[in-house]
Amino acid sequence: MNIMEEAGTVAQATISDTPLLRLVGVAKRFSAQRDIVDTVLARLIGKGSLPAVHAVDDVSLEIRKGEVLGLVGESGCGKSTLGRVVAGIHPKSAGTMEWKGISVDRLDAQQRKRQTLAIQMIFQDPMASLNPRKRVRDIIGEAPLAHGLVKPAELEAYVDDLMTRVGLDPTYQLRYPHQFSGGQRQRIGIARALAVQPEFLVCDESVAALDVSVQAQVINLFMRLREGLGLTYLFISHDLGVVEHISDRVAIMYLGRIVEVAPTVELFAQPNHPYTKALLAEIPRISLTPREFNPMKGELPSPLDPPPGCHFHTRCPFVMERCKQERPEMKTVAQGHISACHLNG
Ligand SMILES: Nc1ncnc2c1ncn2[C@@H]1O[C@H](COP(=O)(O)OP(=O)(O)OP(=O)(O)O)[C@@H](O)[C@H]1O
Ligand code: SF4
Ligand SMILES: [Mg+2]
């Protein structure tokens with residue numbers, strides 16, 4: 001049985017029309033690391049500033065309450081960076097992020113704190129993200145205590161309830177992370193995120209490190225939480241099978257930019273962007289193994305010096321002169337389906 005058969009049918013949650021989160025022109029640049037020779041040369045010729053890695057480049061996206069938006073793209077295209085900007089781990093370098101219709105830059109300190117708690121991130125490696133020296137009760141209970149969401153006298157019951165909700169035995173509250181399996185540790189990470197009563201989860205390859213059968217259980221848990229708590233997800237994954245199974249819409253990212261967004265069924269049946277087509281061509285339609293795509297022919301260009309015009313032009317089989325100069329705008333190609341390619345006119 002493959003992972004999707006095990007995970008079963010995804011129940012439909014209620015999706016609102018108004019965006020919970022809206023990104024407009026969001027960018028994230030990092031200063032590139034330079035080795036000693038580069039640094040000395042730069043000083044000699046008087047160029048002191050470091051080149052920038054354009055990890056996220058002018059991204060505009062909307063995610064509605066109750067929705068699961070899948071985010072897909074090759075390694076290094078900026079998915080985690082975008083997820084971290086959304087979760088407030090990295091400050092954005094440019095653009096606007098609106099939460100419930102208000103720019104987060106305009107929130108006062110109290111509102112900003114609430115908004116930061118409302119977006120939580122679930123990481124890939126549960127072991128690396130849990131403090132090995134802390135008991136599960138402290139791992140889960142630390143943040144809600146610190147933020148005044150629970151009184152010390154109520155902590156045990158609060159953690160009990162969270163552990164039960166994520167399918168862990170609450171009598172194990174005083175154990176340490178190493179006393180749990182990989183799947184259970186990921187559940188601890190999920191309980192820790194839920195402890196601050198979030199509305200939005202950024203899942204960054206959150207099931208990638210787990211065995212296939214455990215992946216299906218954790219995916220089921222995410223979907224039950226979506227229904228039970230009305231959660232919204234940005235779901236980053238290399239596994240197109242998982243993304244196809246759980247997402248309402250999918251966004252395709254290439255070298256820092258979103259190049260196509262569509263309802264999931266439409267994206268897989270009628271991809272528009274040549275990059276999306278190439279990604280989907282890499283995977284078999286029916287497979288018993290997780291459907292990871294392999295990087296297509298040609299290297300992903302460096303985000304230190306992205307190609308001008310359409311970033312994909314160095315690898316695109318349909319490249320035209322215009323593509324090398326002019327960045328294609330997002331155009332609507334079908335209802336709710338947008339794509340950035342000059343082939344669309
Ligand atoms: N803290 C950082 N400092 C400098 N550069 C960074 C930093 N984080 C990410 N980058 C660079 O930004 C680009 C995007 O990286 P990111 O981790 O967001 O990609 P990704 O799509 O999540 O890749 P993967 O699928 O491998 O997880 C890469 O070139 C990466 O080297
Ligand atoms: S804009 Fe040009 S290079 Fe870019 S995907 Fe479309 S055809 Fe290919
Ligand atoms: Mg990543």
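Bear in mind that the values here come from a model prediction, so they are computed numbers and not experimental data. Remember, it's 1-based here, ligands and their atoms both numbered in the order they're listed.
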Visitor: Whether the T171 and D169 side chains hold a donor-acceptor pair (N or O, under 3.5 Å, no angle test) is what I'd like checked.
Guide: yes

Visitor: Below 4.0 Å from ligand 1: does a non-hydrogen atom of C77 turn up there or not?
Guide: yes

Visitor: Side chains of E260 and N272 only: does a donor on one sit below 3.5 Å from an acceptor on the other?
Guide: no

Visitor: Just distances here: any N/O of G76 and N/O of ligand 1 closer than 3.5 Å?
Guide: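 In this structure, G76 places an N or O atom under 3.5 Å from an N or O of ligand 1.
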
Visitor: Could you identify the single nearest non-hydrogen protein atom to atom 1 (S) of ligand 2 and state the distance to 0.1 Å?
Guide: H342 N, 3.3 Å

Visitor: Between V26 and V56, what is the shortest heavy-atom contact and its length?
Guide: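 Heavy atoms only, the tightest pair is O-CG1, 3.5 Å.
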
Visitor: Near H273, which atoms of ligand 2 are under 4.0 Å from a heavy atom of that residue?
Guide: 5 (S)

Visitor: For ligand 2, which atoms have a heavy atom of C323 less than 4.0 angstrom away?
Guide: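 Every atom of ligand 2 under 4.0 Å from some heavy atom of C323: 1 (S), 2 (Fe), 3 (S), 7 (S).
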
Visitor: Under 4.0 Å from a heavy atom of P274: which atoms of ligand 2 are those, numbered in the order shown and with their elements?
Guide: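 Numbered from 1, ligand 2 contributes 5 (S).
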
Visitor: Going by heavy-atom distance to atom 16 (P) of ligand 1, choose the closest among V72, L71, T81.
Guide: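 Looking at heavy atoms only, T81 sits closest to atom 16 (P) of ligand 1.
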
Visitor: Under 4.0 Å from any heavy atom of H238, which atoms of ligand 1 are there?
Guide: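 What qualifies from ligand 1 is 25 (O).
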
Visitor: Taking N or O atoms only and a 3.5 Å limit, does G78 qualify as a polar contact for ligand 1?
Guide: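 Yes, at least one N or O pair falls under 3.5 Å.
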
Visitor: Regarding Q124, does it place an N, O or S atom less than 2.8 Å from the Mg ion (ligand 3)?
Guide: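 No, Q124 does not qualify, because none of its backbone or side-chain N, O or S atoms lies under 2.8 Å.
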
Visitor: Hey, is C310 touching ligand 2 through its side chain, its backbone, both or neither, going by heavy atoms under 4.0 Å?
Guide: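 Side chain only.
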
Visitor: Against ligand 1, does E205 come closer than 4.0 Å with any heavy atom?
Guide: no

Visitor: Please check this pair: side chain of Q215 against backbone of V212, looking for a donor-acceptor N/O pair closer than 3.5 Å.
Guide: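 Looks like no, no N/O pair under 3.5 Å.
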
Visitor: Can you confirm whether the side chains of R112 and Q115 place a donor and an acceptor under 3.5 Å from each other?
Guide: yes

Visitor: Is it the side chain (CB and beyond), the backbone, both or neither of M253 that lies under 4.0 Å from ligand 1, heavy atoms counted?
Guide: neither

Visitor: Below 4.0 angstrom from a heavy atom of S80, which ligand 1 atoms are there? Numbered from 1 as shown, please.
Guide: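 Reading through ligand 1 atom by atom, the close ones are 17 (O), 18 (O), 20 (P), 22 (O), 27 (O).
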
Visitor: Numbering the atoms of ligand 1 from 1, which are under 4.0 Å from a heavy atom of P303?
Guide: 29 (O)

Visitor: When the ring planes of Y275 and H273 are compared, do they come out parallel, tilted or perpendicular, using 30° and 60° as the limits?
Guide: perpendicular

Visitor: Side chains of T264 and E244: do they bring a donor and an acceptor to under 3.5 Å?
Guide: no

Visitor: Answer with yes or no after comparing the ring centroid distance for H54 and F30 against a 6.0 Å cut-off, counting only values under it.
Guide: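 Ring centres of F30 and H54 not closer than 6.0 Å.
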
Visitor: Looking at K28 and D57, is there a salt bridge between them, counting it only when a charged N and a carboxylate O are closer than 4.0 Å?
Guide: no

Visitor: For this output row, return yes or no: ring centroids of F222 and Y233 closer than 6.0 angstrom.
Guide: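 Centroid distance F222-Y233: below 6.0 Å, so yes.
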
Visitor: Could you identify the single nearest non-hydrogen protein atom to atom 6 (Fe) of ligand 2 and state the distance to 0.1 Å?
Guide: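 Going atom by atom, the protein heavy atom closest to atom 6 (Fe) of ligand 2 ends up being C341 SG, 2.3 Å.
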
Visitor: If you count the atoms of ligand 1 from 1 in the order shown, which ones are under 4.0 Å from a heavy atom of K79?
Guide: 18 (O), 19 (O), 20 (P), 21 (O), 22 (O), 23 (O), 24 (P), 25 (O)

Visitor: Counting each atom of ligand 2 from 1 as listed, which ones have a heavy atom of C316 under 4.0 Å away?
Guide: 3 (S), 5 (S), 7 (S), 8 (Fe)

Visitor: Pairing donors with acceptors under 3.5 angstrom, does anything connect the side chains of Y254 and R315?
Guide: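 Note: Y254 and R315 side chains meet the donor-acceptor criterion.
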
